[in-house]
Amino acid sequence: MPKNLVIVESPAKAKTIEKFLGKDYKVLSSYGHIRDLKKKEFSIDVEKNFEPDYEIPEDKKTLVKTLKSEAKEADTVWLASDEDREGEAIAWHLYEVLKLNPEHTKRIVFHEITKTAILKAIEQPRNIDINLVNAQQARRILDRIVGFELSPVLWKKVKPALSAGRVQSVAVRLIVEREREIHAFQSEASYKVTAIFLVPDTDGKLVEMKAELARRLKTKAEAQKLLEHCQAAMFTIEDITTRPVKKSPAAPFTTSTLQQEAARKLGFTVAQTMMVAQRLYESGRITYMRTDSVNLSEYAINGSKEAIANMMGDKYVHPRHFSTKTKGAQEAHEAIRPTYMEQAQIEGSAQEKKLYDLIWKRTIASQMADAELEKTTATISISNASDTFNATGEVVKFDGFLRVYRESYDDDVEQEDESRLLPPLKKGQKLQYQNITATERFTQHPPRYTEASLVRKLEELGIGRPSTYAPTISTVQQREYVEKGDKTGEERLYNVITLKEDKIADDTRTEITGAEKAKLLPTDTGTVVTDFLMQYFPSIMDYNFTASVEKQFDEIAEGDTKWTTIMKTFYKTFHPSVESTLAAKNAHKTGERLLGDDPVSGKPVSVKIGRFGPVVQIGTAEDEEKPRFSPLKKGMSIETITLEEAMELFKLPRTLGEHEGKTVSVNAGRFGPYIYYNGTYTSLPKGADPMEIELEEALELIKEKAEAEAKKHLKKFEEEPELEIMNGRYGPYIAYKGNNYKIPKDIVPEDLSLDASLEIVKLQSEKAASAPAKPKRGRYAKKKA
């Protein structure tokens with residue numbers, strides 16, 4: 001029996017660590033937390049100093065039994081969960097639940113899963129840091145209080161089954177406020193003037209050189225006037241300046257910057273980045289991927305230095321020490337980097353290879369020489385006007401870190417390419433224009449958030465920590481407060497005035513503006529909940545409050561503040577505001593907006609959040625006749641819908657005609673438009689308009705659905721009506737008493753008899769019953785992915 005038991009959170013991590021330790025060590029996984037606050041209960045005793053009531057979930061009881069038994073047999077138990085606060089809490093819960101002996105229990109931490117790091121950790125064990133545990137407990141309990149107390153308020157005042165969260169609600173507020181900024185934005189026009197000059201190259205051949213007017217012109221009249229001046233003007237190079245420019249590399253990755261760059265360069269979602277990074281960490285490829293430190297160890301700096309010198313030569317080497325500006329960051333931690341700097345490529349899935357490549361390049365680049373460039377600007381004067389044109393060119397004298405890596409930015413606007421050489425120019429040189437164009441351009445509204453830019457904003461405001469970004473962004477989408485979507489954009493006219501061959505042409509063109517992809521958009525529910533919380537719980541929604549709570553968690557982690565003191569201070573003001581809000585009577589439903597009166601009945605028309613989402617209502621609950629409702633169409637918003645648009649929704653249901661003596665109609669429901677005929681519902685295909693569909697098309701869709709349904713049912717048995725042979729998405733199967741049983745590939749489904757079918761059911765049921773129960777993936781997979 002091994003003398004040492006090592007407990008980690010993840011089975012993948014266990015597998016990697018086991019390779020480094022000898023036969024005296026057994027490595028097991030706790031699969032994340034082995035206990036937590038009860039799921040459906042408040043589980044916090046406010047009267048007893050906010051004492052938490054933890055439970056071991058049903059699916060972890062067998063695992064806990066195994067760990068207890070193994071711990072009893074071992075001489076020493078090594079708690080090797082992650083080095084962050086949550087990892088410390090996992091170690092503490094294990095210590096408490098397994099009733100470990102303090103003399104025979106050791107806590108070890110490491111930033112990377114390499115043999116050197118693991119053996120070093122075993123040489124330097126420590127005790128469980130109860131301050132870190134308390135910081136995690138404080139976050140968990142505060143979030144439970146907010147969630148459990150606010151959610152019933154939302155059920156009563158807004159809509160059943162809603163929920164609120166401390167960080168999530170603030171993230172939704174950011175998205176709602178950005179959407180309102182966009183709606184309120186007034187675009188302003190100006191004219192961008194560009195000129196193409198013909199200049200002799202070194203061999204005397206005329207080449208094109210692009211230049212831009214040094215300022216934007218505010219009106220069409222100004223643009224017209226300038227081009228008229230240019231018709232008779234002489235163009236002269238007034239000045240040429242050449243200056244050296246140095247560019248320095250970005251710091252190595254933190255959790256936040258990795259999430260942002262993986263989104264921009266690889267198109268990964270924040271959750272996807274963390275899941276892939278988790279796998280790279282557990283297989284020993286990279287250091288710990290939850291960090292807000294940009295610090296690199298001497299080992300990493302020396303490893304980078306060697307790798308750069310070997311691959312590119314000594315002139316590319318420039319070791320750097322980066323310092324972390326984030327408050328509460330722990331400098332003892334490292335940035336995210338490869339464990340072995342000399343390893344430029346790895347084996348793994350396509351996603352793992354891509355993310356590793358990004359991390360390797362960013363780390364290597366951070367230890368490389370500055371890029372040296374030379375920027376040339378030629379100022380071109382107009383003989384009969386005070387304005388000037390600027391032509392710019394850039395040449396790379398030494399590529400430095402740019403040889404490996406160039407950082408990306410969110411919502412990159414179209415950048416002028418300056419990385420071109422200017423033809424040879426001299427001061428006083430006369431230039432001949434080919435054409436000069438004044439193009440009407442418009443100011444752009446602020447960009448909607450992407451997952452990456454939202455992470456950057458949360459970090460900027462000090463809201464959340466590396467471990468919270470991914471779950472926050474996933475949660476607000478799962479709760480349908482926010483959705484990721486595209487904006488198709490709108491057609492817009494713009495003006496172009498061109499001077500060519502001494503003639504001025506005035507042209508109107510069209511362009512698509514405002515098109516956006518994969519942006520975070522607030523839903524009506526998200527908007528109404530945000531407004532409600534802003535009105536009644538402004539402190540919870542305050543950016544400074546959320547950020548200050550994070551600072552208080554840091555103080556608890558440092559041992560400077562008691563976690564219960566923070567809870568008492570918070571609860572003293574929060575709980576009374578919950579009670580007063582629940583007791584308040586509201587004249588209107590939260591988020592309700594009056595649009596006007598129905599032109600036919602004269603009844604009020606309003607829009608609000610209904611039980612299944614946003615709806616338009618004609619009439620009120622006090623009327624003798626029941627109010628009429630219609631759900632909003634996709635793309636409509638309760639903030640912007642007009643009375644005319646609302647009335648259009650009540651043109652449904654539409655009667656299309658009759659078929660075999662029964663009415664065929666079309667209507668819109670909770671899940672979209674559908675055809676109703678003879679007691680059956682047939683969904684309209686995506687994009688089909690219920691106001692335009694005709695009877696013939698509807699009958700064709702009904703027929704197609706009936707045929708598809710018939711193909712699903714392969715065989716029935718009169719003597720056993722509960723058993724049926726079906727054809728499903730993944731092939732034929734037996735449906736029996738609410739369960740499905742796969743039909744082996746070598747059997748023709750239609751040839752099966754009742755006895756043969758029951759035999760398949762029996763064999764598969766027995767096999768399932770004898771299979772060992774798999775532990776559910778708990779916190780470790782969900783929160784850390």
Side-chain angles (χ1 to χ4, degrees), residues 7 9 30 32-38 41-56 77 79-100 102 105-109 125-149 165-167 288 290-293 326-333 462-468 471 545-575 778-780 783-784:
I7 307 176
E9 314 99 310
S30 70
H33 278 284
I34 56 163
R35 69 173 182 176
D36 197 1
L37 297 174
K38 291 178 180 176
E41 293 175 31
F42 186 47
S43 298
I44 297 157
D45 194 332
V46 176
E47 303 302 319
K48 286 188 181 173
N49 229 3
F50 297 88
E51 189 181 305
D53 182 10
Y54 292 113
E55 70 167 0
I56 299 164
V77 176
L79 301 173
S81 48
D82 289 339
E83 59 173 332
D84 58 10
R85 292 170 195 174
E86 193 137 1
E88 204 69 22
I90 287 172
W92 177 75
H93 283 298
L94 283 164
Y95 180 84
E96 294 284 313
V97 171
L98 305 182
K99 295 185 170 56
L100 299 177
T105 305
K106 292 174 182 178
R107 168 82 171 117
I108 54 169
V109 292
R126 63 168 173 80
N127 294 323
I128 290 169
D129 186 335
I130 202 65
N131 292 328
L132 292 182
V133 174
N134 285 338
Q136 190 275 343
Q137 277 201 125
R139 177 189 288 280
R140 185 79 185 91
I141 290 168
L142 184 64
D143 288 348
R144 171 58 65 97
I145 290 168
V146 172
F148 257 69
E149 297 221 346
R166 183 180 58 86
V167 177
Y288 192 52
R290 281 186 186 80
T291 177
D292 44 17
S293 171
T326 313
K327 285 178 186 174
Q330 297 166 63
E331 284 298 340
H333 291 189
I463 294 164
R465 280 291 178 262
S467 59
T468 64
F545 164 75
T546 315
S548 72
V549 166
E550 296 296 344
K551 285 179 199 158
Q552 288 175 324
F553 292 154
D554 292 339
E555 286 167 15
I556 296 165
E558 293 297 321
D560 298 333
T561 308
K562 277 191 172 183
W563 73 271
T564 49
T565 309
I566 288 168
M567 292 301 125
K568 281 173 191 168
T569 309
F570 168 74
Y571 198 73
K572 196 164 63 184
T573 54
F574 174 69
H575 185 67
R779 165 258 173 192
Y780 177 77
K783 285 197 179 175
K784 290 224 152 187

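The residues of the chain are indexed from 1 along the displayed sequence.
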Asks: Atom OH of Y54 and atom CG of L37: how far apart are they, to the nearest 0.5 Å?
Replies: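 Result: 5.5 Å between the selected atoms.
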Asks: Nearest 0.5 Å, what's the CZ-CD distance between R290 and E83?
Replies: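 Rounded to the nearest 0.5 Å, the CZ-CD separation comes to 11.5 Å.
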Asks: Please report the shortest heavy-atom distance between I556 and A138, naming the atom on each side.
Replies: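 Heavy-atom minimum between the residues: CD1-CB, 3.7 Å.
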Asks: If you look only at distance, which donor and acceptor atoms sit under 3.5 Å apart when one is on a side chain in residues 563-574 and the other is two or more places apart or in another chain?
Replies:
residue: K568; atom: NZ; partner: N49; partner atom: OD1; Å: 3.2
residue: T569; atom: OG1; partner: T565; partner atom: O; Å: 2.9
residue: Y571; atom: OH; partner: E149; partner atom: OE2; Å: 2.9
residue: Y571; atom: OH; partner: H575; partner atom: ND1; Å: 3.1
residue: T573; atom: OG1; partner: F570; partner atom: O; Å: 3.2

Asks: Grab the two heavy atoms, one from I56 and one from I34, that are nearest each other, plus how far apart they are.
Replies: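 Shortest heavy-atom separation between I56 and I34 comes out as CG2-O, 3.5 Å.
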Asks: Can you see which heavy atom on F553 is nearest to which on A135, and at what distance?
Replies: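 Closest approach of F553 to A135: O-CB, 3.5 Å.
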Asks: Is there a side-chain contact between R139 and E550, using heavy atoms and a 4.5 Å cut-off?
Replies: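 Yes - at least one pair of side-chain heavy atoms lies under 4.5 Å apart.
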Asks: Can you name the nearest heavy-atom pair linking A89 to Q136, along with the distance?
Replies: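 For A89 and Q136, the tightest heavy-atom pair comes out as CB-OE1, 3.3 Å.
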Asks: Would a distance-only check, ignoring hydrogens and angles, find a side-chain to backbone donor-acceptor pair under 3.5 Å from S43 to K38?
Replies: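 Checked: pair present.
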Asks: Is the closest basic N to carboxylate O distance between D36 and R144 below 4.0 Å?
Replies: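 Salt bridge flag = no for R144 with D36.
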Asks: Could you please spell out the steps behind the side chain to side chain contact (heavy atoms under 4.5 Å, CB included) verdict for W92 and Q137?
Replies: CA-CA 11 Å; W92 177 75; Q137 277 201 125; 3.9 Å; yes
Asks: Do E41 and E55 come close enough that some side-chain heavy atom pair is under 4.5 Å?
Replies: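 Not in contact.
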Asks: Rounded to the nearest 0.5 Å, how far does CG of L98 lie from CG of L79?
Replies: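 These two atoms lie 8.0 Å from each other.
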Asks: Using modelled atom types only, decide if a donor and an acceptor are shared between the side chain of R107 and the backbone of S81 within a distance under 3.5 Å.
Replies: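 Pair found, side chain donor or acceptor close to backbone of S81.
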Asks: Would you say T561 and Q552 make side-chain contact, with heavy atoms under 4.5 Å?
Replies: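 No; the side chains remain at least 4.5 Å from each other.
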Asks: Closer than 4.0 angstrom, basic N to acidic O: yes or no for D554 and R85?
Replies: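 Counted as a salt bridge, because a side-chain N and a carboxylate O are separated by less than 4.0 Å.
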Asks: Identify whether the distance between the nearest side-chain nitrogen and carboxylate oxygen of E88 and R126 falls below 4.0 Å.
Replies: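 Answer for the salt bridge query: yes.
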Asks: Looking at every heavy atom in both S30 and I90, which two are closest together, and how far apart are they?
Replies: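 The answer is OG-CG2, 4.0 Å.
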Asks: I want to check something: taking the side chain as every heavy atom from C-beta on, are F42 and I145 in contact at a cut-off of under 4.5 Å?
Replies: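 Yes. Closest side-chain heavy atoms under 4.5 Å.
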Asks: Is there side-chain contact between V167 and I463, with at least one heavy-atom pair below 4.5 Å?
Replies: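 Yes; the side chains approach each other to less than 4.5 Å.
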Asks: Is the number of heavy atoms from other residues, nucleotides or ligands under 6.0 Å of D560 CG greater than 12?
Replies: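 Buried by this count: over 12 neighbours within 6.0 Å.
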